[in-house]
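Here is the structure we will look at.
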There are 2 protein chains.
Amino acid sequence: MDQDLYKIRHSLAHVLAQAVLEIRPGSTLGFGPPIDDGFYYDFVLSEPLSDEDLPAIEKKMKHIIKQGQKFESQELPAEEAFALIRDEMGEPYKLEYAQDLVNKNGLETLTFYRNGPFLDMCEGPHVEQTRQLPKAAFKLRSIAGAYWRGDSDNTMMTRIYAWAFKTREELDARLKEHKLALERDHKRLGKTMDLFVIDDEIGKGLPLWMPNGTVIRDELEKLARELEFADGYQRVSTPVLAKTSLYERTGHLPYYAEGMYPFMELKDRGEDGEELVKESYVLKPMNCPHHHKIFDARLRSYRDLPIRYAEYGLCHRYEDSGALSGLLRVRGMCMNDAHIYCTEEQIKEEFIKVMRLHQKVYAVLGMDNYWMRLSTWDPEDPRGKEKYVDDPEAWEFSTVAIRDAMDEIGIEYEEVKGEGAFYGPKIDVQFRTVTGREETASTNQLDFAVPGRLGLTYIDADGNKKHPWCLHRAPLGTHERFVAFLVEHYGGAFPTWLAPRQVIVEPIADVFGGYAQGIVDRLRGHMVRAEVDLSTDTLNKRIRNAVTSKIPNVLVVGEREQEEGTVTLRRYGSREQTSMSVDEFETRILAAIKDRAAQV
Amino acid sequence: MDQDLYKIRHSLAHVLAQAVLEIRPGSTLGFGPPIDDGFYYDFVLSEPLSDEDLPAIEKKMKHIIKQGQKFESQELPAEEAFALIRDEMGEPYKLEYAQDLVNKNGLETLTFYRNGPFLDMCEGPHVEQTRQLPKAAFKLRSIAGAYWRGDSDNTMMTRIYAWAFKTREELDARLKEHKLALERDHKRLGKTMDLFVIDDEIGKGLPLWMPNGTVIRDELEKLARELEFADGYQRVSTPVLAKTSLYERTGHLPYYAEGMYPFMELKDRGEDGEELVKESYVLKPMNCPHHHKIFDARLRSYRDLPIRYAEYGLCHRYEDSGALSGLLRVRGMCMNDAHIYCTEEQIKEEFIKVMRLHQKVYAVLGMDNYWMRLSTWDPEDPRGKEKYVDDPEAWEFSTVAIRDAMDEIGIEYEEVKGEGAFYGPKIDVQFRTVTGREETASTNQLDFAVPGRLGLTYIDADGNKKHPWCLHRAPLGTHERFVAFLVEHYGGAFPTWLAPRQVIVEPIADVFGGYAQGIVDRLRGHMVRAEVDLSTDTLNKRIRNAVTSKIPNVLVVGEREQEEGTVTLRRYGSREQTSMSVDEFETRILAAIKDRAAQV
């Protein structure tokens, strides 16, 4: 955030606090910082506020802005500052914080800013006076609860969020994105489109995929299968659990134990009556060790490499229930996973192939707003030895290999220290969604450590055993996150190949029902998801319903169509009607599905 | 087993015992009954025997047979009998058994049979004399360990198994089946064909599917998907676990708890320091409740029925480790499951549709040696109230509905009391495998109880809520059992559509490598699993290897083929070579894959 925007947001937060204290005298204050797209302020209110009060607060804020209150700073020694906060301001939470700044962080003086009647302890900076604040470029957004200093043992405060920008245009753009996000929210559309359901008796974070959602999963898996077949991958299928001891040997356990489901333990009584764990299983949190086991099941030669194992593998992580959210944050996730075992010489070529596969996937799905991030270790990090495998040479070699690959394929990227996996560097693909959110879409990781730890080897040309390198990649991420993303991306209006319902045939009157059914039978013979609209509504109502359901192809058939063997096609999102023979429609839709075209 | 065959097998067992006692004097006897395809006898040997000793024992047996020893019976009062066994025979295990027969079962006399020097306590009947035994129709099979009276706390005895029939022809047929079973054993072929591997660090009974095995799974799932789409099923996808409490409500827990994996329990300390289970999850042992949850997630009308949910759902059952065997008996199984929710009036039609689907599957796979069994409850069973839902009217109605459906479709079946599911009657499909084993291939169950227990309803035409009926069906069983069965069924020589490797191109010399690769690239563009043979062996050796690997289509290409744009096809199992254009081969193989033809 640039300094000017920071000043605007920070100053507006003070104006908000002043307005709230006028409307709710006797309230006390928490923190009020600028954030990504605006600011917030936390309060312990003398009387509650609700969303309906926000316009009145905004009005009060605009009134304050017009007054041209000057921001003036003042620096006080610690003891004087404490007295000011306690006696003049009467702010117990600010006092606690001020004492911490002095006693724990060793500050000797504290800074205050005053504008009009409002006084706050704060580092600044601020605008010179409130008339410099853009009245039309901010908007109070919502009210939420928040614990003082983020700790659930502390007081619950009321947080008021606001958007704030330099110009009205920027605010309007953000409001538009926000409206779109609400409309396209995957939880809302997931319900109206019957994609998935979460049931408390099955468990939180464990979505049940309904027929419409399963179609999308199946189509994505088909896409992955085709692209992966072309790139020489072989599919495998592995169990969802393993002996707990496996993860001790891979080294995952210390990093992941917290996030795993509880262990399944078979117990026995020992001779002294004590309980002994005879066997212990756990749901796998990742697929890698399972694929490694398949690699390790046979003797491998350098001539066999690269070996590429792909699986939509089901992993489980016991996320905190508070963190769960629809499909975006779940406990059971099906991952478009693959592991590529190769020699050192093959790394660059395989890495390039994987990045090209990513690009193909994004092209099919019309995702163009993305950028790449190379995450490496941070050798200076004091916790580095716990976070990363300590092999500077391997880190250097693998990071250079990725840089070379990225340069050769001509993809730009930014480099971030300290965000690598524990076993090696990685490329994350970041997306800006249509609703303005930044997302990690997929990741491509280089692993120089785990194959060695598990003792994986191949016989090299010189007859010696060597550890293979391993690439972990997942261009389509997990079904759960990716479907959530696509629902938002398309706003539920999926292209024909992905649409749960691809074609609906609308007979103008009952007598054309037979003709309609014949068309549906033909299409279904080619596995096209076609249906006749059997409802008794009027034609207009039926067409409106089909549009509301975002079915990409509506075929209207009546006397003329039946006589001529044609259909009248209305594509979703278009008012145009096109007449064509049934043969032509069949050819067109089969081609559109095969090519995954935007429309038929 | 008819009386004559029983006499033969039982008498041969005595002859075996006599022979063993001659070869290992001082040995003592256990039991020696006739069994399904022969007989066995258990011994505590004075000195061990191995498979190599079997021919000598057989020779001795034939010698005894030739002597024409007469079988003579004698009945003795209890005390005299005990004295005979103890003093003349010197058989401690027989004595223990004789005492049980008298003291526990209340017998007053015991029967003995003598032939030549051999005396045994036994009920008979026997042949009149040993010359009546068919010398050429029996064969000693193997030696195994067995506990006295099947109890692992007792002495371990040595059991000698034998095949025995009335005629040499019957023995030969059995020997041939046995040889085939050994050759086609799915564990052996599973290893040589790289289908699956079981790793102790993952867990017993949890196969890892290698690329070749995964191809077969994927093709079977594709077959199911196509047939099910045509029959109006909708695919769903559900989690592999659920809260443990769900299975209390469904009523499964008392029936299945023993066979489940240990629960995943999140624990907390209560106020008094005691451990409390906060949440408990368990791997699902079946898919039904998950599908029921999807049905129940929305309001359903009679107009929506039938609703058919299909899923290759992953279930887990913690089978005893001693019972596990390759893919045939596992702990994690992926089931070709579906649940059909319908009204009472729709049961018959849906049941018929399901049976027809079974027939389609069997026709595709060339399985014709099957018969059907209708299993119902047994209202007279004293444990009936625990084993079955006690609703005589529903049992009667549903059994009649199945009989009607089976009669209408013209499928014969036998009816068995007391083998139904707890929630209703079922049809089991029994197979005779190529190796002579009887198998339950799949099952189709009618459920009148669980939907009600879970409170599933639909709004009927009269506006009232009703419980739907439910059909559970799985024509392709589980991937694990079904692939094991198919490996044996085809002996690893899969038809093209199922074959992990469909086409191998053999260039006559290196210079035709480019032409070969071009053909492979074309075929792979259509997702055909084709490859060029890159090994440096001679052409003959390469073709032999391809045949050993049972690749269904071997294409030989040389100068003539390259000039004419043709290939020379050698089909697996045929010495014939057919020349055709690449275009023609492509058309043919794509059609054979699509139609799942026996050959290209």
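Each chain gets a letter, A, B and so on, in the order its sequence line appears, and its residues count up from 1. Side chains are part of it too, since the values below use all heavy atoms of this structure and drop only hydrogens, waters and symmetry mates.
Salt-bridge check for A:Lys267 with A:Glu279: failed, with every basic side-chain N at 4.0 Å or more from each acidic carboxylate O. A salt bridge links B:Arg225 with A:Asp218: the distance from a Lys NZ or Arg NE/NH1/NH2 to an Asp or Glu carboxylate oxygen falls below 4.0 Å.
Ranked by heavy-atom pairs under 4.5 Å with chain A, the first of B:Glu311, B:Arg249, B:Lys284, B:Glu226 is B:Arg249. Considering only heavy-atom pairs separated by less than 4.5 Å from chain B, the leading option among A:Val240, A:Thr238, A:Leu241 is A:Leu241. Heavy-atom pairs under 4.5 Å with chain B peak, among A:Phe263, A:Tyr233, A:Tyr318, at A:Tyr318. The most heavy-atom pairs under 4.5 Å with chain A, out of B:Asp199, B:Val197, B:Leu534, come from B:Asp199. In terms of heavy-atom pairs under 4.5 angstrom with chain B, the leader among A:Pro289, A:Gly213, A:Pro207 is A:Pro207.
Two residues are said to be in side-chain contact when any heavy atoms from C-beta on lie closer than 4.5 Å; A:Leu208 and B:Pro239 meet this criterion. Counting heavy atoms from C-beta on, the side chains of A:Met210 and B:Val236 never come closer than 4.5 Å. In this structure, the side chains of B:Gln502 and B:Ile593 come closer than 4.5 Å at one or more pairs of heavy atoms.
Both the backbone and the side chain of B:Arg529 come within contact range of chain A, each with at least one heavy atom under 4.5 Å from a heavy atom of that chain. In this structure, chain A has heavy atoms under 4.5 Å from both the backbone and the side chain of B:Glu201. For A:Tyr261, the part lying under 4.5 angstrom from a heavy atom of chain B is the side chain only. Both the backbone and the side chain of B:Arg235 come within less than 4.5 Å of a heavy atom in chain A. With a 4.5 angstrom heavy-atom cutoff, A:Asp521 does not touch chain B via any of its atoms. Within the 4.5 angstrom heavy-atom criterion, no atom of B:His479 approaches chain A. B:Lys191 touches chain A through backbone and side chain together, each having a heavy atom under 4.5 Å away.
Partner of A:Val330 under the side chain to side chain contact (heavy atoms under 4.5 Å, CB included) criterion, out of A:Arg481, A:Glu480, A:Lys204: A:Glu480 alone.
Relative to the six-membered ring of B:Tyr341, B:Arg308 misses at least one condition, a distance below 6.0 Å or an angle of at most 45° to the axis.
Atom CG in B:Asp296 sits 14.0 Å away from atom NE2 in B:His291 (nearest 0.5 Å).
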